[in-house]
K.L.:
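Please find one structure pasted underneath; my questions will follow.
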Amino acid sequence: MKIATFNINGIKARAEALVTWLREAEPDLVALQEIKSTDEAFPHEIFEGLGYFIETHGQKSFNGVALLSKLPLEDVERGLPGDDGDEQARWIEATVVGKRAVRFCGLYLPNGNPAPGPKYDYKLAWMERMRARAAELLASEEPVILAGDYNVIPQDEDAAKPEAWREDALALPDSRAAFRRIVNLGYTDAFRAEVEGPGHYTFWDYQAGAWQRNNGIRIDHMLLSPQAADLLRGVTIDKEIRGRDKPSDHVPLVIELDA
DNA sequence: ATGGTCGAAACTCGA
């Protein structure tokens with residue numbers, strides 16, 4: 001099963017480019033972030049026409065996540081537990097049954113800038129809520145995938161210019177520690193299970209020629225439960241599409257799972 | 001040190 005996560009930065013602006021990529025890559029299961037759309041305004045029919053089931057958790061203008069799947073999406077849950085007052089659409093999960101049942105979570109973790117400040121406090125609180133949900137999911141002892149835009153640069157080697165991110169919410173020590181607290185529950189960073197060393201990025205800013213200078217960061221991740229990590233057969237970053245017309249500032253991270 | 005670019009939607013904010 002080919003599984004991807006892709007921050008598309010607006011479904012209305014990206015529908016055409018997304019269809020092109022889906023036709024080429026033919027993923028079975030995709031987590032989308034930053035749909036920037038309400039559920040009603042999301043162009044479901046375009047993706048249903050490509051043979052995907054689709055579930056969205058959107059809001060007007062900002063944030064918003066969605067799941068696309070060639071197999072039915074079962075037991076869909078929207079919203080990250082732990083704060084009934086949180087109105088930001090950043091979490092959706094569902095079960096997909098192939099050879100194995102997989103619990104697939106799509107997440108758009110808060111950016112957190114400027115730090116310090118209320119947005120950074122929200123990011124860290126959100127990460128603690130995510131840790132609690134990740135721990136619950138581990139207890140199922142089933143394959144679990146936490147896929148999305150984490151807005152966390154895990155280590156200096158995950159940035160072309162780490163010094164430029166020293167004071168940024170994506171790289172501050174508290175952000176990295178909160179990310180490690182989730183990993184250390186027993187999850188595997190799928191990309192780092194397969195690839196060592198610097199120079200691998202999933203995001204290049206639109207500004208200052210970041211793509212042309214390869215000034216990127218690795219902030220889109222898939223964390224795998226032990227039962228999912230056992231099934232990992234490969235990982236790729238579809239970097240090439242960043243150079244196309246009207247690209248997202250992120251590119252897809254794709255894994256092959258024997259499920 | 002600054003400004004540089006996008007998307008959604010509205011005359012600005014979030015990234």
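Chain naming here is simple, since letters A, B, ... match the order of the sequence lines and numbering starts at 1 in each.
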K.L.:
Between atom CG in A:Asp168 and atom P in B:dG14, what is the gap in whole Å?
P.N.:
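The distance from CG of A:Asp168 to P of B:dG14 comes to 16 Å, rounded to the nearest Å.
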K.L.:
Let's see if you can work this out: which of B:dA15, B:dA8, B:dT5 has an atom nearest to the side-chain heavy atoms of A:Tyr206?
P.N.:
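Nearest listed nucleotide: B:dT5.
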K.L.:
When you measure from the side chain of A:Tyr108, which nucleotide among B:dA15, B:dT5, B:dA10 comes out closest?
P.N.:
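Closest nucleotide to the A:Tyr108 side chain: B:dA15.
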K.L.:
Considering only B:dA9, B:dG7, B:dG4, which nucleotide approaches the side chain of A:Ala208 most closely?
P.N.:
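Within the option list, the nearest is B:dG4.
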K.L.:
Take atom CD1 of A:Ile11 and atom P of B:dC6, then tell me their distance rounded to the nearest Å.
P.N.:
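Spelled out: CD1 on A:Ile11 to P on B:dC6 is 19 Å.
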K.L.:
I'd like to know if A:Asp86 pairs up with A:Arg129 as an ion pair, taking the criterion as any Lys NZ or Arg NE/NH1/NH2 lying under 4.0 Å from an Asp or Glu carboxylate oxygen.
P.N.:
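Judged by the 4.0 Å cut-off on N to carboxylate O distance, A:Asp86 and A:Arg129 do form a salt bridge.
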K.L.:
For A:Tyr150, give me all partners under ring-ring contact (aromatic ring centres under 6.0 Å, His included), at least two apart in sequence or on another chain.
P.N.:
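Testing A:Tyr150 for ring-ring contact (aromatic ring centres under 6.0 Å, His included), a comparison that skips the adjacent residues, returns A:Phe179, A:His221.
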K.L.:
If you look only at distance, which donor and acceptor atoms sit under 3.5 Å apart when one is on a side chain in residues 133-148 of chain A and the other is two or more places apart or in another chain?
P.N.:
from, atom 1, to, atom 2, distance (Å)
A:Arg133, NE, A:Glu93, OE2, 3.1
A:Arg133, NH1, A:Glu136, OE1, 2.6
A:Arg133, NH2, A:Glu93, OE1, 2.7
A:Ser140, OG, A:Leu137, O, 2.6
A:Ser140, OG, A:Glu142, N, 3.2

K.L.:
Are the aromatic rings of A:Trp21 and A:Phe6 close, with centres under 6.0 Å apart?
P.N.:
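Yes, the ring of A:Trp21 comes within the 6.0 Å limit of the ring of A:Phe6, centre to centre.
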K.L.:
Can A:Lys70 be said to sit on top of A:Tyr52's aromatic six-ring, NZ or CZ under 6.0 Å from centre and within 45° of the ring axis?
P.N.:
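Ring-cation test returns yes.
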K.L.:
Find the distance A:Gln33:CD to B:dA15:P and express it as a whole number of Å.
P.N.:
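After rounding, the gap between these two atoms is 14 Å.
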K.L.:
When the distance from CD of A:Glu34 to P of B:dA9 is rounded to whole Å, what number comes out?
P.N.:
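After rounding, the gap between these two atoms is 13 Å.
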K.L.:
Whole angstrom is fine here: how far is it from CZ in A:Phe62 over to P in B:dC6?
P.N.:
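Those two atoms, CZ and P, are 18 Å apart.
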K.L.:
Just how far, in rounded Å, is C1' of B:dA15 from CZ of A:Arg14?
P.N.:
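From A:Arg14 CZ to B:dA15 C1': 13 Å.
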K.L.:
Is A:Arg90 salt-bridged to A:Asp149, cutoff N-O under 4.0 Å?
P.N.:
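No, A:Arg90 and A:Asp149 are not salt-bridged.
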K.L.:
Map A:Lys246 and A:Gln88 onto DNA chain B by nearest heavy atom, then report which one ends up closer to the 5' terminus.
P.N.:
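Nearest nucleotide further toward 5': that of A:Lys246.
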K.L.:
With rounding to whole Å, what would you report as the distance between B:dA10 and B:dG14 at their P atoms?
P.N.:
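These two P atoms come out 14 Å apart once rounded.
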K.L.:
B:dG7 C1' sits how many Å from A:Asn63 CG, rounded?
P.N.:
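So the two atoms are 13 Å apart, to the nearest Å.
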K.L.:
Over all strands shown, is A:Ile8 touching base, sugar-phosphate only, or nothing at heavy-atom distances under 4.0 angstrom?
P.N.:
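No contact.
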K.L.:
Given B:dG7, B:dA9, B:dA15, which nucleotide is nearest the side-chain atoms of A:Lys12?
P.N.:
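Of the candidates, B:dA9 comes closest.
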K.L.:
Examine B:dC6: is either OP1 or OP2 under 4.0 Å from a nitrogen or oxygen in the side chain of A:Lys36? Give yes or no.
P.N.:
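Checking A:Lys36 against B:dC6: no side-chain N or O falls below 4.0 Å of OP1 or OP2.
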K.L.:
For the C1' atoms, the ones on B:dA15 and on B:dA9, what distance do you get once it is rounded to whole angstrom?
P.N.:
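Pairwise C1' distance, B:dA15 against B:dA9, rounds to 15 Å.
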K.L.:
Return no unless some side-chain N or O of A:Lys60 is found under 4.0 Å from OP1 or OP2 of B:dA10.
P.N.:
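For B:dA10, OP1 or OP2 has a side-chain N or O of A:Lys60 closer than 4.0 Å.
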K.L.:
Between B:dA8, B:dG7, B:dA15, which nucleotide gets closest to the side-chain atoms of A:Lys119?
P.N.:
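Nearest to the side-chain atoms of A:Lys119, counting from C-beta on, is B:dA15.
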K.L.:
Take the protein atom CG of A:Asp249 and the nucleotide atom C1' of B:dG4, then report the distance between them rounded to whole Å.
P.N.:
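These atoms are roughly 14 Å apart.
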K.L.:
For A:Asp205 and for A:Gly10, locate the closest nucleotide of DNA chain B by heavy-atom distance; then report the residue assigned to the nucleotide nearer the 5' terminus.
P.N.:
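First, find each residue's nearest nucleotide; the 5'-ward one identifies A:Asp205.
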K.L.:
In whole Å, what separates the C1' atom of B:dC11 from that of B:dG7?
P.N.:
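Taking atom C1' in both B:dC11 and B:dG7, they lie 16 Å apart.
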